[in-house]
S.K.: 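One structure, as structure tokens, below. Some questions next.
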Amino acid sequence: MTETNCIFCSIIKKEIPSKIVYEDEEVMAFEDINPAAPVHILIIPKQHIATLNDLKETEEKLAGKLLKTAALIAKDKKIDQTGYRTIFNTNANAGQVVFHIHLHLLGGRKLTWPPG
Ligand code: AMP
Ligand code: ZN
């Protein structure tokens with residue numbers, strides 16, 4: 001999948017609607033359309049990166065920013081103390097369906113471990 005037919009690039013360009021919870025020049029966070037928990041937010045870079053395998057060394061800081069943004073949103077949603085999970089799914093065995101990296105932020109209920 002390239003930038004031209006990427007659903008998350010379309011969300012960034014606001015060609016398709018989303019419930020945005022945070023946005024700046026580098027990253028965007030929006031509610032997952034099919035939430036798996038009371039809080040389920042996706043944090044993405046505005047730059048199109050297909051999978052974690054494609055993350056370049058020069059993009060390490062950007063990946064860190066996705067995690068820091070998740071932590072700030074968790075605090076804002078008041079799940080930072082009760083707990084939450086942050087996940088990148090990569091390729092088929094992990095069930096990745098959208099090939100623009102996204103950090104899942106899940107919380108608001110007791111999450112089971114290990115995941116399925
Ligand atoms: P993954 O399996 O890690 O690729 O997760 C893709 C996630 O994107 C799923 O949790 C979907 O529910 C979510 N998703 C797909 N399309 C949209 C959309 N238009 N708006 C918000 N979330 C979406
Ligand atoms: Zn994209």
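The structure presented is a predicted model; accordingly, all values stated were derived computationally and were not measured. Residues take their numbers from the sequence shown, with the count starting at 1. As the structure lists them, so they are numbered: ligands from 1, and atoms in each ligand from 1.
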S.K.: Could you please provide the protein residues found below 4.0 Å of ligand 1 on a heavy-atom basis, arranged by chain and number?
M.R.: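 I7, F8, I11, F30, E31, D32, I33, N34, L42, N89, G95, Q96, V97, V98, H102, H104.
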S.K.: Are L72 and I44 linked, directly or through other ILVMFWY residues, by side chains that come within less than 4.5 angstrom of each other?
M.R.: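 Different hydrophobic clusters.
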S.K.: Same cluster or not: are L111 and I43 linked, directly or through other Ile, Leu, Val, Met, Phe, Trp or Tyr residues, by side-chain heavy atoms under 4.5 angstrom apart?
M.R.: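 No, because L111 and I43 fall into different hydrophobic clusters, even though each may have its own neighbours under 4.5 Å.
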S.K.: Taking the N/O/S atoms of H48 one by one, which is nearest to the Zn ion (ligand 2)?
M.R.: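 Output for this pair reads ND1.
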S.K.: What about L103 and I79, same hydrophobic cluster or not, with Ile/Leu/Val/Met/Phe/Trp/Tyr joined at side-chain heavy-atom distances under 4.5 Å?
M.R.: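 Yes, L103 and I79 fall within the same hydrophobic cluster.
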S.K.: To the nearest 0.5 Å, what is the distance between CZ on R85 and CG on L105?
M.R.: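 CG of L105 is found 11.5 Å from CZ of R85.
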S.K.: Evaluate the ring planes of H100 and H48, with Trp represented by its six-membered ring, and classify them as parallel (under 30°), tilted (30 to 60°) or perpendicular (over 60°).
M.R.: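 Plane angle over 60°, so perpendicular.
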S.K.: From L55 CG over to Q47 CD, what is the distance, rounded to the nearest 0.5 angstrom?
M.R.: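 If I round to the nearest 0.5 Å, the distance is 9.0 Å.
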S.K.: Taking just the N, O or S atoms of H100, which one is nearest to the Zn ion (ligand 2)?
M.R.: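 Of the nitrogen, oxygen and sulfur atoms in H100, the Zn ion (ligand 2) lies nearest to ND1.
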S.K.: Taking side chain to side chain donor-acceptor pair (under 3.5 Å) as the cut-off, I'd like each qualifying pair that reaches into residues 20-30, sequence neighbours left out, listed once.
M.R.: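 Listed by first then second residue: K14-E23, Y22-D24, E23-K46, D24-K65, E26-K65.
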